[in-house]
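Below is one structure, written out as structure tokens, with a few remarks after it.
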Amino acid sequence: MMNLMKQALSHLLSFLIPFTLLRQIGIGTTRPHPSSMVEVSSTNRGFLQPRLTIAERMTISTLLPVF
């Protein structure tokens with residue numbers, strides 16, 4: 001059981017480490033500004049934020065999956 005937990009933790013860390021090293025995401029740009037988390041760049045389009053009703057937001061599960 002302990003070996004399985006160590007293996008699961010190892011897989012989780014190997015999945016999360018690349019995301020912590022690469023903090024900026026660029027959409028429409030290959031070099032996002034260093035102070036940004038997400039940069040959207042376009043000369044002919046804009047950003048459309050997702051729209052949800054309160055009922056739709058309440059149905060989103062925030063529980064983590066069990067491995």
Side-chain angles (χ1 to χ4, degrees):
M1 182 69 155
M2 194 63 130
N3 191 24
L4 182 61
M5 289 174 58
K6 286 181 183 179
Q7 187 178 15
L9 181 61
S10 173
H11 288 303
L12 180 64
L13 289 176
S14 66
F15 176 75
L16 291 177
I17 287 176
F19 290 108
T20 60
L21 296 177
L22 303 172
R23 294 178 186 240
Q24 292 87 16
I25 297 172
I27 300 172
T29 180
T30 57
R31 300 190 63 169
H33 193 274
S35 67
S36 70
M37 290 183 72
V38 176
E39 180 177 342
V40 179
S41 178
S42 178
T43 58
N44 61 351
R45 294 184 182 196
F47 174 75
L48 180 60
Q49 180 178 351
R51 295 178 290 264
L52 298 172
T53 65
I54 293 173
E56 290 171 327
R57 285 193 300 255
M58 297 301 287
T59 63
I60 297 173
S61 175
T62 58
L63 299 176
L64 295 175
V66 177
F67 293 101

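Position 1 is the first residue of the sequence, and the numbers go up from there.
- Under the side chain to side chain donor-acceptor pair (under 3.5 Å) criterion, T43 pairs with no residue, sequence neighbours left out.
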Pairs of donor and acceptor atoms involving the side chains of residues 49-56, under 3.5 Å and at least two apart or interchain, shall be tabulated with distances.
from	atom 1	to	atom 2	distance (Å)
T53	OG1	E56	N	3.1
T53	OG1	E56	OE1	3.4
E56	OE1	T53	N	2.8

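- Within a 6.0 Å radius of CZ in R31, no more than 12 heavy atoms belonging to other residues, nucleotides or ligands are found.
- When all heavy atoms of G26 and P32 are compared, the pair lying nearest together is N-CG, 3.9 Å.
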